[in-house]
Structure formats: C-alpha cells, structure tokens
A.B. asks: 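Would you mind keeping the following structure in view while I ask a few things?
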Amino acid sequence: MIRVVATLAFFAMLCSTMQAQTARNMAVLLHAKAYEFPNPHVVLQWDSDQGAQVYDVFRKRLGEARFANEALVRLDSAATGWVDSSIVEGEYYEYRVIKQAQRRVGFDTVNQRDLFVVHMATGYAAAGVRAVTPARGRALVLVDETLQDPLADELDSLFTDLGYEGWRPSLKTVPRATTFDGQKVAEVQTLIRTEHRADPLGAILLIGRVPVPYSGDIAPDGHRPDHLGAWPCDGCYGDVDGTYTDASINRPNTQRPAQNNVPGDGKWDNSMFASDVDVPVGRIDFYDMPQFAMSEMELLRAYLQKNHRWRIGQVETRWSAVIDDNFGTQSYPESFASSAWRMFAPFVTDTGMRNGDYFGTLSATPRPYLLSYGTGGGTNTSAGGVGTSQDFADSTANSVFTFLFGSYFGDWDTRNNFMRASLASSPQILSCGWSGRPHWYLHRMAMGGTIGESALLSQNNIAVSSTTGLGPFFPHAYFTTNGWQMAVTGDRGVHIALMGDPTLRLVRSSPPIVVNVMAQTEYPHKVNVTWQAGAVPAEAYQVYRQRGANPNFILLTPKPIQGLAFRDSLVYEGRVQYRIVPLATVYTHSGSILEAGAPKVVSVMTTSVADTDASTGLRAQLHPSPAQQYVNVDITSDDEDNLVLTVIDVRGITMQRLELGRVSAGAFTHTISTSALPSGVYTVRLSGRRATTGIPLVVTR
C-alpha cells in the first residue's frame, strides 16, 4: 500500500506557480469496464500524460463512506491502465485514480534550474459484475396546482414511464408562487418531510412554479458584494431532517431584492446544507422566460414530451461530448472545465471528447451529443464565449445532459435564466447543473445511476477536511506560492441544484415483476413469505421487513436469494410488513447490475400464539372491502371459545377492542363501525384461547 501524501513535499520543492496547464491536464480521463469471464475483473483505462510521474489507484465499495488513505497500487508514469482481478460478483465498486504530475514551463536563470508546475489530478469510475443496486424507491412528483389538469396527459405518460423503470410514483399538488413566499415554502417542506416519514422517498421532481426556497449569505461565483445574499436552494427540500433557521442572517438591500435575507422573512440562514441531502431534487420550471416564443405551459409540455422520448428509447444518441472552455487555468487554477473532462470520461473515450464551440457544435450535429459543457464569464442570461439564453431559444442545442458554469446564472431563479433556458431549448436537453464550484461527479450513471444521484454526490461531498483528510471525492490539487490548494470552493453549498428530472438515467430496461406475494405465521415465531414470478421474470430477490411504528424496511437478504420463498424468524407481537424486490441483470456502460423492479408488499400479524389456518378451527372474512362506515366480520369457529376483535393501525396502535365473550361453535357475523377511523390500512385481529388470525382492512372516505 502506498500513501499519496508522502510525495507532495518533494514535488513542492520543484515547482513554480500554476501556469501553462489545460483543463484536460487537471483530470484523469478514467474509464472502467467489468467482465465476467474467465473470472470477474475490472479493466481500468486512462489517457496518457507526458507530465505524469506516478498514478495511484484506489477502490471502495458503494456503501463505504470514503476511499482508504492508502492506494491499492502505484503505477509508473507510462501506465495507461490496470486490471483489478480481486473483485467479487455482486459487489458495486468505485475507483479513483490520482495522477501526480509535473510539467517543465521554463528556466530560472538566477538559480540556474528548471521551473516546473506540479499538480494532482483525479478520475472516477464505477464498475461491477451483477452488482446489486438499491431499489428505485418512491418518486414524489410535486406539481404547481395550476398545471395538473393542463398537463394531465404528459403526467400520465411520466407516471407510466416511472413505473416501468421500477419507481413507485406519487403526485401531490402544491401552491403556485411566482415570487418568494416563505409560508408556501414552509408548506412544501412540511409536505415533503411528512411524505418521507410515511414512506421514504427516492427522488423529488418539482414541476412548474413550485415555491422556490432561499437560504444563506453567499456568492459562490465570487461576485461580492453585488451577488452576495440568499440563493435559491431546492436541495434543502431534499434534506428531510436538517435544521434550517431564520434568525441570524441580516442582509437587506441586495442588488437583486430576491436575495435579501433578514430574520423572520422565511429565507433560511444556512449557507451550507444543515445535514446530508437525503433525497435528490430536480426542477422543471419555465416561469418568466419571455425570450421563448412558447408559453410556460407549452415549454413544460415540450419538456415532458422529450423526457418521454428519451425514456422509451426514441433518441438516437451520439456517445460523444463537447467541451467549450473559456477560462484559462492560469487565471483560474480551479480549472472549472476539468470537471467536464473528469465527468465525461466514464462514458466517452478520450477521442470522443472534444474542445469545441458549444452552440456551433451542437447545432451542427444531426444526432444529440450525450454530454456537453460550457463555461465562461457570465450574466443571468449568458456565458462568455458559450452563448446566451436567446441562443437556446433560437438555435438547436442537440445534447441530452449539459453542464454550464459562469457568474450570476448559477442563481437560477431569474428572468430568462441561462440554465433554465437550456431545458427549454429544442430538441433534447433534459438536465443542467452548475459544475465548477463545486465540481460534479457523474460516474455512477455508467452503472445505472440517475442524474439525481450525481447531484447528491456533489451536494454531500466534503473534498478535504482538517480532521478526516481527503473526502470521498475531490477534483484536483495545485501548488501555488501559498502551498497546496484544492479546487473545493462551493462544497456542500445550498446553491447546488439540478435543473431537470432527477430520475433520468442512461439505461432503459424492462424491470422484473413479482406477483402473488403472501405471508403466513407459523407457531412459534416464524413467518413464511411466498411469491411467484411475473411476466418479466427475476433472477433473484431481496426481502425487506418493517414492523410496528418504525417506517424503515430492513434488508433481510444482503445476498439476494433465488427461490420463491423466505422463512423469517422473529419474536414480535403486532403488524409486520415484508417487501419483496425482484432483481434482474442489466448490462451497463461499465459492467452489469442486478437492477430492482417494482417491489410488492404484504402484511401479517404476528403473535405469541399459533396463527390460524383451517385446521385450527378459527376463520374470518371481511366485507365490504374497502370499508367506509362499517365492516362485517364473518366468523367461523369450530369450538366454543372466548373471542376478542381488535382493530390495529399501521403503527401497531390498537384503535378498537371488542370482547365478544364466550361464543358457541358455528358461524356468525359481527359488525364493526369504521366511521371514526381515518382512511388507511388496518388489521382486524380475531383472537381466541388457542388461535389468532389477522385480516387486512382498508378504510376509505
């Protein structure tokens, strides 16, 4: 194992200030591909660099918080790849390659020695063979209440697509807010947190003029004091447990009044996310875009239609990338455009990436570039050397996933904003991120991940810490007369946001299906869960369990099982739910994953006595179902017994308890009033001395 930091002092002694570098030099163009035969292995490849001194290769599993401090292997300056033969099928791996480089830039005639620039560059990739990835989860779509009906057809199509891809979509309307409204922001935040507690979210999509939250006292584009103040912060909606205050920042009279932030105005104090962002958030919002001929409604409809075309495979994409860099590394050693070279490499070979004019290239290609990036000195509606919002309205910007960086327009809640204009353009741009402060990381999309997951990596990343050292991801380091510097401006800033649908990804597949899920208790302390394969069969299954008031499902099968049954053992009295997740192999750009299809959930009541079946002599049925004002319980008992009926909610709390007393053998019906029960799912438990049975009850209004 080799420590990277040990060599830094040596390089520092040889260097001058940063100059004569390119953005491409400041990234490792890393590409990974996993293979199953003859044994599972990953092939890493990267571009050569004449200035390279050594390459250090790191690896971590998906669930690990950070890479180890020591490299797996150190390779010499001529290396352009490495094979990892120690991977395990089913595991998801991330790789980091650090290039330590020096480049001669002149000669010091006074001290009679060569002058060098020194830097560390990084590249990231993901790979695996049948790597198990998390289930898609629930996608919460929040729609401006004025737009639900006009967009009904497009929303139906979106929900169909989301369901096909394994999401569990749900829709809520929220109030429209054309200007900042702290009360409406608080309502949306409360709604999201309530929804997440009830059923954890996997993505949040905002459609239309959903209230825009503001927070902080920041100017991540460096324009102080004219751009200092609160910035829009959709990511704060995705932080479902962070504490956001409104008491300390006092920034009145900003150049753009929307950025004013004073105590009690509904704009939060936090300049950085209060805690990790839990759920990726993306926004599709074309309010106040008069440079486009189409109305706000027409632009939303057009976006959802091109979203659908992408998801059903109708977009014939050119797997290439164009990078339009109008900042030099001498003036800006953060090397903003290195973000693009680093991000795009897992998808595109080095020959497939090119420096070029953003609009000139994208308007000339008949097929959309998969990826594009443009950076230059900016305004709300432009990036110098790249183009303007009017260009997006007038020209064909033929790309799918784009990133833009420059001054002012990262504050995206402005008229004809440059970032939002990219989404309003034709024919195909679906997402846009402000990558440079901080840098974004896209590599997980090569293993079936979403663009929203990439946003989360940037929102939650701490590139370097005085206590823990290097974080999970950092872009590059460069040496100046003040010592080593890292390009980490903007880390965890509340301004980091995604324009577009956070559920978008590169892979489209028909997810597996599971049907006829059943659960039955077995005395003592056992539950047998069974299911059947659906029309699209699965290769394996994961089983999760949730019990009582705890909303979280716990994975019971870290290694997926291949059978159609699972036997659980637990000591618990109350309602237990089991979630069965079907998995099937999907081949990705970097290997293969076991992708999750739509899960099915089944409930059962567990008790300390034997559950009933026909042989125990205690049976019950409910009607009508769903119930509204009442429900009839048809009871059959083979023996004389003392019976108790209990109605229990999803938290395991008893809502009603009825002692039926001693009853004779035979059949009879008892009616339960449900008029006082809120709409929801309950369990009716019938208990005797020797047997207990539970029947699900649904109450609607």
Side-chain angles (χ1 to χ4, degrees), residues 27-28 30 32 58-67 92-98 122-128 131 133-134 136-137 202-204 220 233-239 242 272-273 275-282 336 338-347 371 373 401 403 405 410 431-465 468 470-476 486-506 588-590 593:
V28 176
L30 179 62
F58 299 78
R59 185 187 74 187
K60 75 178 187 69
R61 288 176 169 83
L62 179 64
E64 294 175 335
R66 64 186 67 248
F67 293 94
Y92 184 123
Y93 297 98
E94 290 182 279
Y95 293 89
R96 177 177 69 195
V97 174
I98 298 180
T122 63
Y124 296 88
T133 59
R136 294 287 166 214
I204 301 168
C233 59
D234 277 349
C236 295
Y237 279 149
D239 181 0
M272 300 175 68
F273 294 114
S275 62
D276 279 356
V277 180
D278 306 283
V279 186
V281 180
F336 307 122
S338 69
S339 180
W341 293 99
R342 186 179 303 106
M343 282 192 297
F344 299 167
F347 314 95
L371 301 156
Y373 182 92
F401 301 98
F403 296 84
F405 185 77
S431 75
C432 183
W434 197 66
S435 184
R437 286 183 175 173
H439 293 250
W440 283 45
Y441 304 92
L442 207 61
H443 56 281
R444 289 186 185 175
M445 289 188 75
M447 279 290 283
T450 65
I451 187 66
E453 186 176 0
S454 298
L456 277 187
L457 291 186
S458 298
Q459 289 169 330
N460 294 332
N461 189 50
I462 301 177
V464 63
S465 165
T468 59
L470 293 181
F473 307 102
F474 77 93
H476 58 269
M486 283 201 179
V488 297
T489 301
D491 268 9
R492 293 183 71 91
V494 293
H495 66 286
I496 307 169
L498 173 67
M499 300 294 102
D501 184 344
T503 68
L504 289 167
R505 56 192 186 127
L506 302 182
T588 72
H589 199 64
S590 291
I593 58 175

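Numbering of residues begins at 1 and proceeds along the displayed sequence. Just so it is clear, the structure is predicted and the values come from calculations on it, not from any experiment.
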A.B. asks: Test: side-chain hydrogen bond (donor to acceptor under 3.5 Å, both in side chains). Region: residues 447-463. Which pairs qualify, not counting sequence neighbours?
C.D. replies: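 Passing the test, one end in residues 447-463: Arg444-Glu453.
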A.B. asks: Give me the atom names and distance for the closest heavy-atom approach of Asp239 to Asp276.
C.D. replies: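 Of all heavy-atom pairs spanning Asp239 and Asp276, the closest is OD1-O, 3.3 Å.
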A.B. asks: Ring centroids only, cut at 6.0 angstrom: are His439 and Tyr124 within range, meaning strictly under it?
C.D. replies: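 His439 vs Tyr124: aromatic centres not under 6.0 Å.
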A.B. asks: How would you list, by chain and number, every residue that makes a side-chain hydrogen bond (donor to acceptor under 3.5 Å, both in side chains) with Arg66, sequence neighbours excluded?
C.D. replies: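 Arg66 satisfies side-chain hydrogen bond (donor to acceptor under 3.5 Å, both in side chains) with no other residue.
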A.B. asks: Sequence neighbours left out, what passes side-chain hydrogen bond (donor to acceptor under 3.5 Å, both in side chains) with Thr489? Give chain and number order.
C.D. replies: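 For Thr489, the residues satisfying side-chain hydrogen bond (donor to acceptor under 3.5 Å, both in side chains) (neighbours in sequence not counted) are Glu334.
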A.B. asks: What heavy-atom pair brings Gly449 and Arg505 nearest, and what distance separates the two atoms?
C.D. replies: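 In terms of heavy atoms, the two residues are closest at O-CB, 3.1 Å.
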A.B. asks: With heavy-atom distances below 4.5 Å as the criterion, would you say the side chains of Leu371 and Leu442 are in contact?
C.D. replies: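 They are in contact (side-chain heavy atoms under 4.5 Å apart), so the answer is yes.
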A.B. asks: For the CZ atom of Phe58 and the CD1 atom of Ile98, what is their distance to the nearest 0.5 Å?
C.D. replies: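 That separation rounds to 4.0 Å.
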A.B. asks: Answer whether the closest heavy-atom distance between the side chains of Phe474 and Val464 falls below 4.5 Å.
C.D. replies: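 Phe474 vs Val464: side chains apart.
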A.B. asks: Identify the two heavy atoms, one from Val97 and one from Val28, that lie closest to each other, and give their separation to 0.1 Å.
C.D. replies: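 Looks like O-CG2, 3.8 Å.
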A.B. asks: Checking Pro502 now: which residues fulfil side-chain contact (heavy atoms from CB on, under 4.5 Å) with it, not counting sequence neighbours?
C.D. replies: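 In terms of side-chain contact (heavy atoms from CB on, under 4.5 Å), with neighbours along the sequence ignored, Pro502 is linked to Ala203, Leu205, Pro280, Leu498.
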A.B. asks: His495: which residues meet the side-chain hydrogen bond (donor to acceptor under 3.5 Å, both in side chains) condition with it, sequence neighbours left out?
C.D. replies: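 Partners of His495 under the side-chain hydrogen bond (donor to acceptor under 3.5 Å, both in side chains) test: none.
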A.B. asks: Distance check, rounded to the nearest 0.5 Å: Glu64 atom CD versus Arg59 atom CZ?
C.D. replies: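 Those atoms lie 8.5 Å apart.
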A.B. asks: Hey, mind stepping through Phe347 and Leu506 against side chain to side chain contact (heavy atoms under 4.5 Å, CB included) and telling me if it holds?
C.D. replies: CA-CA 10 Å; Phe347 314 95; Leu506 302 182; 3.4 Å; yes
A.B. asks: Rounded to the nearest 0.5 Å, how far does CZ of Phe401 lie from CG of Leu504?
C.D. replies: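 Taking CG in Leu504 and CZ in Phe401, the distance rounds to 5.5 Å.
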A.B. asks: Which atom pair, heavy atoms only, marks the closest approach of Arg136 to Gly448?
C.D. replies: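 Where Arg136 meets Gly448 most closely, the heavy atoms are NH2-O, 3.1 Å.
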A.B. asks: Where does the angle between the aromatic ring planes of Phe405 and Phe336 fall among parallel (under 30°), tilted (30 to 60°) and perpendicular (over 60°)?
C.D. replies: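 Judged by the thresholds at 30° and 60°, the geometry between Phe405 and Phe336 is tilted.
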A.B. asks: Rounded to the nearest 0.5 Å, what separates atom CG in Asp234 from atom CE in Met499?
C.D. replies: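 Asp234 CG to Met499 CE: 5.5 Å, rounded to 0.5 Å.
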A.B. asks: Using side-chain hydrogen bond (donor to acceptor under 3.5 Å, both in side chains) as the criterion, list what pairs up with Tyr93, not counting sequence neighbours.
C.D. replies: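 If we apply the side-chain hydrogen bond (donor to acceptor under 3.5 Å, both in side chains) test to Tyr93, skipping adjacent residues, there are no hits.
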A.B. asks: How about Tyr441 and Pro475: do any of their side-chain heavy atoms sit closer than 4.5 Å?
C.D. replies: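 Sidechains of Pro475 and Tyr441: in contact.
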A.B. asks: Using every non-hydrogen atom in the two residues, find where Met447 and Gly128 come nearest and quote the distance to one decimal.
C.D. replies: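 Shortest heavy-atom separation between Met447 and Gly128 comes out as CE-N, 3.5 Å.
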A.B. asks: Roughly how far apart are Tyr95 OH and Leu30 CG, rounded to 0.5 Å?
C.D. replies: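 Going from the OH atom of Tyr95 to the CG atom of Leu30 covers 10.0 Å.
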A.B. asks: Enter the distance from Leu456:CG to Trp440:CH2 here, rounded to the nearest 0.5 Å.
C.D. replies: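 Interatomic distance, Leu456 CG to Trp440 CH2, rounded to 0.5 Å: 9.5 Å.
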A.B. asks: Mind running side-chain hydrogen bond (donor to acceptor under 3.5 Å, both in side chains) on Arg342 and Thr122 for me, showing each step along the way?
C.D. replies: CA-CA 7 Å; Arg342 186 179 303 106; Thr122 63; 3.2 Å; yes
A.B. asks: Do Leu470 and Phe67 have side chains that approach each other closer than 4.5 Å (heavy atoms only, starting at C-beta)?
C.D. replies: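 Result no, sub-4.5 Å side-chain heavy-atom pair not found.
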A.B. asks: If I compare all heavy atoms of Met343 with all of Pro346, which pair ends up nearest, and what's the gap?
C.D. replies: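 Result for this residue pair: O-CD, 3.1 Å.
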A.B. asks: Would a 4.5 Å heavy-atom cut-off, applied to side chains only, mark Phe403 and Ser339 as touching?
C.D. replies: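 Phe403 does not reach Ser339 side chain to side chain.
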